[in-house]
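Worksheet: the structure to be examined is printed underneath.
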Amino acid sequence: MTQPRLSSVFIPLGAVALAAAAYAWGRSVSTENQGDAAVAAEQAERVAVLERAVKRLRAANRKATPPSSQALAVHSTNRATASDPTRGGGEEDRDPVDGADVQELHPDEAARLAHQTRIKYFDELSQRVDTELVDGAWRHRTEAPLERLLSEHLGPNVKVSEATCASTFCRVTLSHPESPRLPSNEMFEFDLSRATLEVTEVLFDVRAEGTTTLYLKRGQAPATVQAAAEE
Amino acid sequence: MERLTKLSFVPALVLVALSGDALASPNTASANHCRPVTSGTYSYGTVGIANLGTSNMTVACPIPMDATALGSTVSFRMRVTDNSTVGGFSCTPYVFTQDGTQLAAGAAKTTTGPQTGGVTFSSWTVSVPGNVNTNMYSIRCSIPGNFSVINTARAE
């Protein structure tokens with residue numbers, strides 16, 4: 001009688017101790033001192049790893065007690081429409097379309113939900129650009145060069161309709177009526193050239209053919225990576 | 001009590017993931033998947049693609065995935081060898097839908113002209129709202145000449 005009770009106490013205690021040790025070890029791992037941008041990038045990667053681990057555990061738990069497909073579709077739909085407009089865009093915790101949920105849906109339904117999620121996300125991001133406090137200095141040194149680089153690299157068939165930089169994102173609307181999408185080779189050249197600006201990721205709102213709205217996230221471009229000595 | 005015992009391991013597993021990618025689902029692709037998108041002289045090895053010319057050429061390196069949704073933050077990694085003292089690598093990660101529509105692009109990672117040696121591009125993330133298991137992942141690179149090589153590309 002006593003044996004099962006002891007194990008039911010020690011096992012959870014051991015798990016908590018293991019968790020604390022893992023947490024302490026994870027915290028003690030040093031990162032390269034390459035400034036706030038490198039630390040932020042590494043933190044984002046760690047959070048991404050954590051997110052995937054949680055999804056896998058959730059999926060494993062769900063397999064143990066599988067819900068009805070209808071209930072799952074309703075759950076995924078509700079999650080797809082949920083959002084927190086007060087939080088910043090470009091952050092991983094804003095995506096309500098869980099990869100584990102979507103995998104159990106029909107591919108067409110998954111694509112539709114993903115499209116809905118992206119539309120909602122970009123609508124909120126656009127509102128953020130319109131309403132957040134403007135960093136005048138960043139706007140001054142980013143907006144005009146951004147327009148110039150886009151015009152230089154994307155060619156005469158792509159027009160910059162609007163470019164607005166706030167404090168965390170720039171929004172640029174491009175008009176390209178002669179083609180449904182932006183040219184990929186020229187976009188690559190632009191992506192290399194924008195390293196001179198204080199922007200990192202670019203998100204593409206492509207809900208309408210012939211028009212693309214770019215959301216460029218503010219951040220320090222990565223420093224040049226040094227080669228390691230070959231052994 | 002048994003359920004409590006089982007659930008008590010959940011925080012431990014989740015926090016262990018903070019220390020590494022033990023529970024991630026990475027996919028490392030040989031750079032033999034890379035294809036040139038500009039003209040150049042190149043060759044494929046057992047693993048990798050090399051630029052045999054004297055100037056940079058551009059390749060696109062898809063990372064095959066089999067119905068895997070990577071979540072709203074995708075981490076990329078690439079291993080290259082810079083053998084040129086004139087040019088350097090410039091690489092950018094991309095995410096596309098299954099119909100080829102571009103969804104996101106990351107920041108460019110580069111090596112300088114004079115430096116040579118092995119380089120790993122890491123700490124390289126891209127945000128993807130509404131990521132699904134039909135999306136595609138690719139890294140586009142400008143490879144310097146003189147037998148500079150891309151070995152592998154990875155997304156997780």
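Proteins get letters first, then strands, A, B, ... in listed order; numbering begins at 1 in each.
No hydrogens or angles considered: nothing links the side chains of A:Thr200 and A:Arg218 as a donor-acceptor pair under 3.5 Å. Counted by atom type alone, B:Thr101 and A:Arg181 present one or more donor-acceptor pairs between their side chains at under 3.5 Å. Judged purely by distance below 3.5 Å, without hydrogens or angles, the side chains of B:Ser142 and B:Asn56 pair a donor atom with an acceptor atom. Counting only N and O atoms by type, the side chains of B:Ser75 and B:Glu156 include no donor and acceptor under 3.5 Å apart.
Heavy atoms closer than 4.5 Å to chain B are found nowhere in A:Thr212, neither backbone nor side chain. Using a 4.5 Å cut-off between heavy atoms, B:Thr120 touches chain A through its backbone atoms (N, CA, C, O) alone. When heavy atoms are compared at a cutoff of 4.5 Å, B:Thr134 does not approach chain A at all. With a threshold of 4.5 angstrom between heavy atoms, B:Phe121 approaches chain A through side-chain atoms but not through N, CA, C or O.
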